[in-house]
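Per chain, numbering begins at 1; letters A, B, ... match sequence-line order.
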Amino acid sequence: MLDSKLRFFLQKCLVLEQAKQVHAQLVVNRHKHLESILVHQTLQFTKEFSRNVVIYVKRILKGFNIVDSFSWGCLVRFLSQHRKFKETVSLYIEMHNFGIPPSSHAITSVLSACGKMDNMVDGNSIHAQALKSGLCGCVYVQTGLVGLYSRLGCIEMAKKVFDDIAKKNTVSWNSLLHGYLESGDLDEARRVFDKIPEKDVVSWNLIISSYAKKGDMGNACSLFQAMPLKSPASWNILIGGYVNCGEMKLARTYFDTMPQKNSVSWTTMISGYTKLGDVHSAKELFIHMSKKNKLVYDAMIACYAQNGKPKDALKLFYQMLESNSDVQPDEMTLSSVVSASSQLGDISFGTWVESYITQHGIQIDDLLITSLIDLYMKGGDFAKAFKLFNDLNKKDTVSYSAMIMGCGINGMATEANSLFREMIEKKIPPNLVTFTGLLSACSHSGLVQEGYKCFKTMKDYNLEPSADHYGIMVDMLGRAGRLEEAYELIKSMPMQPNAGVWGALLLASGLQNNVEFGEIACSHCVELETDPSGYLLHLANIYTSVGRWEDARNVRDAMEEKKLRKALGCSWVEGSNH
DNA sequence: GTAGGGTTAG
């Protein structure tokens with residue numbers, strides 16, 4: 001009697017606090033045999049990932065006096081489902097060391113985690129373990145292995161395991177299909193797709209997503225229309241395809257017409273607008289979404305951070321912390337947030353983030369470390385930045401560039417150059433950002449020869465200097481007093497010089513009190529910018545410095561007049577609204 | 001088994 005009552009009660013266990021209360025009751029009433037149901041229910045109903053749930057459940061599991069592979073498997077699956085792949089594998093190992101034999105549940109989850117992490121080593125040893133424990137006859141485990149080898153690009157192994165499956169289900173077929181898609185063999189994938197006896201919505205989604213990823217929206221769209229039953233994922237795949245092509249209008253049409261939007265639909269659209277720099281449309285969508293989950297917050301925070309709105313990014317982050325205890329930031333959220341604070345030059349935020357990470361047990365990863373490196377380099381805490389740099393699991397183009405960029409800003413040319421040499425030795429390819437850092441290091445240290453050499457090196461790496469790179473070169477030459485050379489370089493540019501390039505020449509002309517180049521540079525700046533008052537003021541100062549008071553006054557007068565006209569224009573517009 | 005979020009410049 002009490003059993004069924006408790007069972008009913010357990011079904012209602014939606015949040016951790018309730019689970020804890022019920023658990024206390026179980027213990028008091030000596031119903032420990034119901035603990036595994038509690039574990040199962042709690043994990044099933046926890047929609048948003050929460051580390052507290054993991055800690056709590058693990059404590060219950062370790063208190064079991066019976067071997068319960070099923071409950072352990074539930075926790076392994078919970079971690080894998082919430083994309084905590086590293087933790088999935090380490091819990092699996094912990095479970096093994098605890099003497100719990102693997103369940104098919106646990107094995108399939110840990111295999112999928114290994115696949116998503118590109119972790120062949122653990123994947124292989126789990127395969128071996130599955131063979132030893134006799135679980136390889138289980139279709140779920142076999143299918144999990146097909147999925148693992150498919151993801152890791154070992155299509156031959158995948159095919160071998162697949163052929164051994166006695167009773168293949170649709171999931172087994174789909175896993176193999178996934179393998180051919182992953183290896184880029186679209187023709188073979190299409191043959192497998194046509195051979196699947198009972199295609200389900202995932203079979204269709206897989207083949208459609210492969211066309212969408214290739215940018216072949218014609219095929220993707222016609223298959224989408226042909227499929228008998230569409231799931232929200234099918235719509236999201238199509239929308240994602242259009243987003244990747246930059247076709248936001250078409251994406252929006254499908255988004256607006258789809259019958260059941262889910263959070264993926266919203267995040268896909270928001271990130272599409274992010275990439276095009278359309279913060280307004282992204283925000284519009286974000287505001288109108290009713291139940292926002294963590295990923296939607298992440299997408300919107302990233303949108304602000306990537307589009308030069310760091311204050312908005314931080315504001316939304318604080319809002320996220322306050323809004324809902326279910327939505328907890330993780331390393332993904334924090335990397336955007338750190339990038340925003342770096343843009344604001346707020347180095348104290350780094351210390352806050354680091355303590356937040358330890359307090360909440362967040363797994364720090366290379367991307368988050370990279371954003372912290374950038375923050376500390378810009379803030380001048382080089383010791384901390386170098387330490388973090390050495391902590392990286394894998395140094396890549398972005399992390400090297402962040403370091404070099406920081407050296408560049410702080411005029412550390414020697415360090416920048418040795419980092420550059422190091423990355424070349426390690427065969428890590430530099431990109432345009434790397435050279436921005438290197439060139440600005442030379443510029444800030446007055447190393448003209450070195451700068452030229454660097455600039456010319458770019459083509460060895462198939463990199464075309466951008467207008468910004470020219471801007472730094474102009475700045476460097478200008479500071480060295482070589483205005484003529486700087487002007488020649490601007491004239492040689494294959495693209496239209498921007499206001500930054502001319503501004504650099506103007507600034508240098510100011511340092512040298514050179515009217516001739518000052519006038520040229522300023523006239524271009526005025527053409528390119530809507531508010532040229534700063535440039536004009538600069539030119540006026542150049543006139544003053546060489547004693548041409550009359551010209552200086554003329555420029556200032558012209559500025560005043562423009563300002564007045566602008567002010568009048570504004571008040572006229574405002575007035576007309578009333 | 002399918003769909004969504006993060007790091008370096010401007």
### Task
Taking only the side-chain heavy atoms of L295(A) (C-beta and beyond), determine which of dG1(B), dG4(B), dT8(B) contains the nearest atom.
dG4(B)
### Message
Over all strands shown, is N293(A) touching base, sugar-phosphate only, or nothing at heavy-atom distances under 4.0 angstrom?
### Response
base
### Query
Between K291(A) (NZ) and dG4(B) (P), how many Å, whole number?
22 Å
### Query
Within this structure, what is the OH-to-C1' distance between Y211(A) and dT2(B), rounded to whole angstrom?
16 Å
### Task
Select one nucleotide: of dT7(B), dG1(B), dA9(B), the one nearest the side-chain heavy atoms of M405(A).
dA9(B)
### Nearest-angstrom distance from the residue atom CG of N205(A) to C1' of dT2(B)
5 Å
### Query
When you measure from the side chain of L368(A), which nucleotide among dT8(B), dG6(B), dT2(B) comes out closest?
dG6(B)
### Message
What is the distance, to the nearest angstrom, from the CG atom on D374(A) to the C1' atom on dT7(B)?
### Response
8 Å
### Message
Without decimals, in angstroms, what is the distance between M377(A) CE and dT8(B) C1'?
### Response
12 Å
### Message
Which nucleotide wins on minimum distance to the side chain of L367(A), given the candidates dG6(B), dT2(B), dA3(B)?
### Response
dG6(B)
### Query
Centroid-to-centroid, Y376(A) to F382(A), below 6.0 Å?
no
### Task
Indicate, with a heavy-atom threshold strictly under 4.0 Å, whether S271(A) touches base, sugar-phosphate, or nothing.
sugar-phosphate
## Note on the structure
Of dT8(B), dG1(B), dG6(B), the nucleotide closest to the side chain of T170(A) is dG1(B)
### Query
Under the 3.5 angstrom rule, does the side chain of S103(A) hit a backbone N or O of A106(A) as a donor-acceptor pair?
yes
### Task
State the CG-CG distance between N307(A) and L276(A), to the nearest 0.5 angstrom.
9.5 Å
### For atom CG of L439(A) and atom P of dT8(B), their distance in whole Å
20 Å
### Query
Within this structure, what is the NZ-to-P distance between K378(A) and dT8(B), rounded to whole angstrom?
7 Å
### Task
Please tell me which of the listed nucleotides, dG6(B), dG1(B), dT8(B), lies nearest to the side chain of S336(A)?
dG6(B)
### Task
May I ask you to say what Q306(A) touches in the nucleic acid, namely base, sugar-phosphate or nothing, with a heavy-atom cut-off under 4.0 Å?
sugar-phosphate
### Query
Among dA3(B), dG6(B), dT8(B), which is the nearest nucleotide to the side chain of D365(A)?
dG6(B)
#### Entry: Whole-Å gap separating P (dT7(B)) and CG (D298(A))
11 Å
### Query
With sequence neighbours excluded, what pairs up with F435(A) under the ring-ring contact (aromatic ring centres under 6.0 Å, His included) test?
F420(A)
### Query
What nucleotide among dG1(B), dT7(B), dA3(B) has an atom nearest to a side-chain atom of A233(A)?
dA3(B)
### Task
Scan K230(A) against the nucleic acid and name what it touches under 4.0 Å (heavy atoms): base, sugar-phosphate only, or nothing.
nothing
## Note on the structure
The ring-ring contact (aromatic ring centres under 6.0 Å, His included) partners of F349(A) (sequence neighbours excluded) come to W352(A)
### Message
Tell me whether the side-chain N or O atoms of S175(A) pair up with the base of dG1(B) as donor and acceptor below 3.5 Å, since no angle test is needed here.
### Response
no
### Task
Check every strand shown and say whether N262(A) touches a base, only sugar-phosphate, or nothing at a heavy-atom separation below 4.0 Å.
base
### Task
Give one of base, sugar-phosphate or nothing for R83(A), where a contact means two heavy atoms less than 4.0 Å apart.
base
### Message
Checking the side chain of K261(A) only, and the main-chain atoms of F255(A) only, is there a donor and an acceptor separated by less than 3.5 Å?
### Response
yes
### Nucleotide nearest S112(A) when distance is taken to its side chain, options dT2(B), dG1(B), dG6(B)
dG1(B)
### Task
Give one of base, sugar-phosphate or nothing for K261(A), where a contact means two heavy atoms less than 4.0 Å apart.
nothing
### Query
Any donor-acceptor pair under 3.5 Å joining the side chain of T370(A) to the base of dT7(B)?
yes
### Query
Is the shortest side-chain N to carboxylate O distance from E198(A) to K168(A) below 4.0 Å?
no
### Task
Among the candidates dA9(B), dG1(B), dA3(B), find the nucleotide nearest to the side-chain atoms of H178(A).
dG1(B)
### Message
Using a 4.0 Å heavy-atom cut-off, does D200(A) contact any base of the nucleic acid, only the sugar-phosphate backbone, or nothing at all?
### Response
base
